[in-house]
Amino acid sequence: MCLAVPGQIVSIEGNDPLELIGKVSFGGTMRKVNLSCVPEALIGDYVLVHAGMAISIIDASEAELTYQYLKEIDDLATAEDEANEIS
Amino acid sequence: MKYLDEYRNPKLARQLAHGISEITTHNWTIMEVCGGQTHAIVRFGIDSLLPGEITLLHGPGCPVCVTPVELIDKAIEIAVRPKVIFCSFGDMMRVPGTGKDLLSVKAEGADVRMVYSPFDALKMAVDNPDREIVFFAIGFETTAPANAMAVYQAKKRNIKNFSILVSHVLVPPAIEAILSSDNNRVQGFLAAGHVCAVMGYNEYIPIAGKYHVPIVVTGFEPLDILQGIYMVICQLEKGRAEVENQYSRAVKKDGNPQAIGIMNEVFRIIPRKWRGIGEMPKSGLGLKHEYSEYDAESRFGLTGYRVEESSECISGLILRGIKKPFDCEAFGKNCTPERPLGATMVSSEGACAAYYRYRRIAPNQ
Ligand code: SF4
């Protein structure tokens with residue numbers, strides 16, 4: 001129910017901050033999304049969309065940090081595996 | 001898709017699970033609050049990757065599950081009236097009221113439509129000025145900004161043939177109810193990432209302190225959930241009880257100020273009855289006085305419904321993490337997703353329904 005899906009903003013229309021509407025691409029499928037709660041969002045940004053409303057802009061640098069952290073675990077484990085193979 | 005696929009890598013998931021076993025030295029019980037997380041945990045078998053010391057309990061986090069039967073009866077009562085177009089999210093259509101569900105009254109001729117967003121319903125009101133459009137506004141904090149915005153726009157644009165049947169519930173009061181109960185087993189929480197994308201996580205800081213439980217704001221993909229569990233276990237093993245944020249790509253500490261602003265403009269905090277749990281103070285949202293003309297219950301004059309819950313059903317205990325679906329005698333027998341007896345079987349995100357779908361057979365205990 002609380003699923004929110006990341007999509008990329010393709011265009012933004014409207015001047016009234018409470019009626020900002022954008023076209024958002026979800027892996028190629030386009031939907032109209034209310035962008036009033038993410039007024040600082042720009043074309044090209046990824047937003048999390050729930051019930052037709054963008055509730056958050058995905059922070060690319062934070063996503064990168066999380067992903068790096070996960071990669072490190074993988075690298076560590078791979079190094080461990082290799083060490084085991086050698087010994 | 002970007003920001004989804006990279007969080008589903010099975011090799012990384014196994015490594016992360018391995019990392020969790022390395023740091024786990026005691027038995028720990030963790031609850032995921034959100035039904036979306038429950039669904040992912042059972043679907044991807046995340047719990048089966050974890051060391052035996054860790055027990056995952058499934059929390060009350062599905063608004064479809066906890067919507068009281070009375071409200072579904074009211075929805076049906078409105079839907080069958082002439083001139084009404086009743087709009088609902090898909091998940092709510094199959095949930096039975098005392099007698100029928102929305103889908104069956106649709107089959108009998110009522111104009112019931114599935115929508116993805118309250119804005120679709122609002123547009124329907126503009127396109128059909130001679131009809132009454134009623135939207136079933138259910139949800140947690142995640143959904144409240146969209147529903148609030150639709151009502152705000154209706155008022156601003158003077159759209160009179162639109163109203164909402166409100167069933168909005170709030171997460172922190174439910175967490176407190178669980179932690180303050182005498183038979184609480186939960187030692188750490190995964191907080192619901194999308195609820196926190198809207199609200200931030202300041203509200204959880206006093207809860208973590210008061211009950212001495214770690215709370216980690218967590219996303220919905222398998223690697224998010226595993227990392228959230230890792231962070232909770234780290235805290236538990238070190239005796240810490242803090243609020244941390246695994247889902248930092250989407251959640252800021254203070255949440256989304258515009259989303260909170262529109263919620264506060266339209267809604268106020270009220271007591272609400274939760275299916276399976278009962279009434280809790282300050283646990284839901286209702287329309288503010290200034291927006292009461294958009295309240296479907298008063299527009300259609302519906303008050304004073306009361307429905308008793310099935311005595312066989314232990315969903316109240318499941319929602320609070322005291323029991324699991326296999327503990328219920330009725331599971332898979334008298335109670336199935338087609339004929340659900342209680343809260344946790346009615347939506348695919350309910351613990352009983354997720355177990356029924358992905359693991360019909362009880363594990364060897
Ligand atoms: S299996 Fe059905 S009756 Fe049993 S607890 Fe779950 S919802 Fe209730």
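Reckoned from all heavy atoms, side chains included, excluding hydrogens, waters and symmetry mates. Within every chain, numbering begins at 1; the chains are lettered A, B, ... in the order of the sequence lines, protein sequences first and strands thereafter.
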Under 4.5 Å from any heavy atom of chain B - which part of Ile57(A):
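The backbone, not the side chain.
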Honestly, the part of Ser61(A) sitting under 4.5 Å from a heavy atom of chain B is neither
Neighbourhood of chain B inside residues 40-48 of chain A, taking heavy atoms under 4.5 Å as contact:
Tyr46(A), Leu48(A)
For the residue pair [X] and [Y], what are the closest heavy atoms and their distance?
X         : Y        : result
Thr142(B) : His50(A) : O-CD2, 3.4 Å
Ala51(A)  : Phe89(B) : CB-CZ, 3.9 Å
Gln258(B) : Pro39(A) : NE2-CG, 3.4 Å
Ser248(B) : Glu62(A) : OG-OE1, 2.7 Å

Hey, what do you get for CZ (Arg249(B)) to CG (Asp59(A)), rounding to the nearest 0.5 Å?
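Here the interatomic distance stands at 10.5 Å.
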From Ser117(B) OG over to Lys32(A) NZ, what is the distance, rounded to the nearest 0.5 angstrom?
11.5 Å
If you count heavy-atom pairs within less than 4.5 Å of chain A, which of Asn147(B), Val251(B), Asp120(B), Ile138(B) leads?
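Maximum pair count with chain A is reached by Ile138(B).
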Can you check whether Cys37(A)'s main-chain N or O pairs, donor with acceptor, with Asn256(B)'s side chain at less than 3.5 Å?
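Side chain of Asn256(B) to backbone of Cys37(A), a donor-acceptor pair under 3.5 Å: yes, one is there.
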Check whether any side-chain N or O of Ser56(A) sits under 3.5 Å from a backbone N or O of Ala250(B) as a donor-acceptor pair, and report yes or no.
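Yes, the answer is positive, given that a donor and an acceptor are paired below the 3.5 Å cut-off.
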Let's test your reading of the structure: which of Leu3(A), Ile55(A), Leu65(A) forms the most heavy-atom pairs below 4.5 Å with chain B?
Ile55(A)
What's the verdict on side chain to side chain contact (heavy atoms under 4.5 Å, CB included) for Glu19(A) and Lys156(B), showing C-alpha distance, side-chain angles and the deciding distance?
CA-CA 11 Å; Glu19(A) 305 252 347; Lys156(B) 200 170 129 206; 4.0 Å; yes
More than 12 non-hydrogen atoms from neighbouring residues, nucleotides or ligands closer than 6.0 Å to NZ on Lys252(B), yes or no?
yes
Counting only heavy atoms not in Lys23(A), do more than 12 sit closer than 6.0 Å to its NZ atom?
no
Which portion of [X] sits near chain A, non-hydrogen atoms under 4.5 angstrom:
X         : result
Leu226(B) : neither
Met92(B)  : neither
Tyr116(B) : both

Taking only residues two or more places apart in sequence, or in another chain, which ones meet Lys253(B) in a side-chain hydrogen bond (donor to acceptor under 3.5 Å, both in side chains)?
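Applying side-chain hydrogen bond (donor to acceptor under 3.5 Å, both in side chains) to Lys253(B) gives Asn202(B).
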Passes side chain to side chain contact (heavy atoms under 4.5 Å, CB included), Met149(B) versus Met53(A)? Steps please.
CA-CA 9 Å; Met149(B) 182 61 82; Met53(A) 181 103 163; 4.1 Å; yes
